[in-house]
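Counting starts at 1 for both ligands and their atoms, in listed order. For clarity, every value in this text was computed on a predicted model and none was experimentally measured.
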Amino acid sequence: MTKALEGVRILDFTHVQSGPTCTQLLAWFGADVIKIERPGVGDITRGQLRDVPNADSLYFTMLNHNKRSLTLDTKNKKGREILEELVKICDVMVENFAPGVLDRMGLTWERVQELNPRIILASIKGFGPGPFEDYKVYENIAQCAGGSASTTGFDDGPPTVTGAQIGDSGTGLHLALGIVTALFQREKTGRGQKVLAAMQDGVLNLCRVKLRDQQRLAHGPLKEYPQYPNGKFGDAVPRAGNASGGGQPGWILKCKGWETDPNAYVYFITQAPVWKDICTVIGKPEWITDPNYAKPEARLPHLKDIFATIEEWTKTKTKFEVMDICSEHDIPCGPILSMKEIAEDQALRETGTIVEVDHPERGRYLSVGNPIKLSDSVSEVKRSPLLGEHNEDILRNVLKFDDRTVLEALESGALGAAPSIAAK
Ligand code: CAO
């Protein structure tokens, strides 16, 4: 079976999390991703949050599967020449440097186009054009600036960031879509283009239901929010705790064992079409006809009490028992799964969403595989490259340098010290 992006060559100038998640996805779909790293140092994440001494961290290995690594000092004359040779033969260049870095390297959009008019230059920045465009940004800054933090958490607590990396990995996903869209357009126009995904914009895109609620607020209180009917609404969307972001009220409820297990909880949705079943299952058949409970609109002022009553029932069952019983009645609910439970989940391993990968320095480790499944494109997860592992391979087989030119490049110091493992 072929791979969807086979034949697409990516010059991967990304680092940390946002950019690498984008190029990793493209690599999983079969693109040839050549990661450029600073000699001797590499992507800073190689050494961050290390769990095994002297081995690439999980931070790096889990974000850089299926890539090749070329060390190149782009501030060295020869290094810059090699970089430009790569620009000439790549389809896409991806970067997430701080604003201005690429221009300072001499790789302005004009220069890039001069070298290769078909290339797509894809960038992640913290902010789009505007007052903050020159700012450096990390995950949580994007969550705060994109509207996520102000709408996450409980009404009586501070703004809260979420564990899902919506600023970094979320923007990486947005950028990947921009890249394949630009590649598709290039089929028709023959021209490359610039693709920009700003982290603030990416987070806001994922928070669009909150911008929806901001506008609804002008027409009265948000009745599905826990602040209704007794709390106060200000002039901005408040934090809604664990309330559902959609039209079907939901909440997180305690299950059997919650006193000692921090994840003995279930997310329970009081979906209108199965209200009768909910009442029957929790032992409240009288609510089926009671005018205070029978219709969704009538229930809104009582949501807190309704969930407290349902919780009396869920507390008598484990989260998986609640799931089993509810699924028999088509009542939507979901267990709060710990990372430990997810890591041990056999079904996720069978689909390749959780994979075990071997690594020469650190041994076997768990990773998240490609979450997007194509029926006609295989997606294997290969280990991340060691720093500079493919230096010679890329000079000879991608750039087609002969022995003399390879030697010249290696001796110039542009690639730093010799790689620790022979390229495969
Ligand atoms: N050879 C020589 N120099 C190199 C090089 C190479 N191979 N690779 C990088 N460099 C140099 C750059 O040229 C730059 O130097 P100058 O500032 O002198 O021009 C320097 O390394 C640092 O680049 P940077 O400013 O991007 O890196 P930083 O660690 O200071 O900032 C970050 C990191 C993430 C805050 C910043 O890159 C950024 O804001 N990126 C955009 C937003 C983003 O993607 N954030 C998500 C990060 S993940 O949480």
Whether the side chain of E95 engages the backbone of T14 through a donor-acceptor N/O pair (distance < 3.5 Å, no angle test) should be reported.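 Side chain of E95 to backbone of T14: no pair is present.
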(Q) The criterion is side chain to side chain donor-acceptor pair (under 3.5 Å); which residues satisfy it with D213, sequence neighbours excluded? (A)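 With sequence neighbours excluded, D213 shows a side chain to side chain donor-acceptor pair (under 3.5 Å) to R216, Y225, given in chain and number order.
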> Using 4.0 Å as the upper bound for N to carboxylate O, is an ion pair formed by R364 and D358?
Replying inline: yes
Applying salt bridge (Lys or Arg N to Asp or Glu O under 4.0 Å), can you list everything that pairs with K315, at least two apart in sequence or on another chain?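 K315 satisfies salt bridge (Lys or Arg N to Asp or Glu O under 4.0 Å) with E312 once adjacent residues are dropped.
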- Please name the residue in the list T108, V101, L102, L107 that meets the side chain to side chain contact (heavy atoms under 4.5 Å, CB included) test with R104.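 Result for side chain to side chain contact (heavy atoms under 4.5 Å, CB included) with R104: V101.
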Near ligand 1 (heavy atom, under 4.0 angstrom), the protein residues are H15, V16, Q17, S18, E37, R38, L72, D73, T74, K75, N96, F97, A98, V101, R104, M105, I124, G126, K136, V137, Y138, E139, D168, M199
Is there any ring pair (Phe, Tyr, Trp, His ring centres under 6.0 Å) pair reaching into residues 177-205, and which pairs are they, with sequence neighbours excluded?
->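 Residue pairs passing ring pair (Phe, Tyr, Trp, His ring centres under 6.0 Å), neighbours aside: none found.
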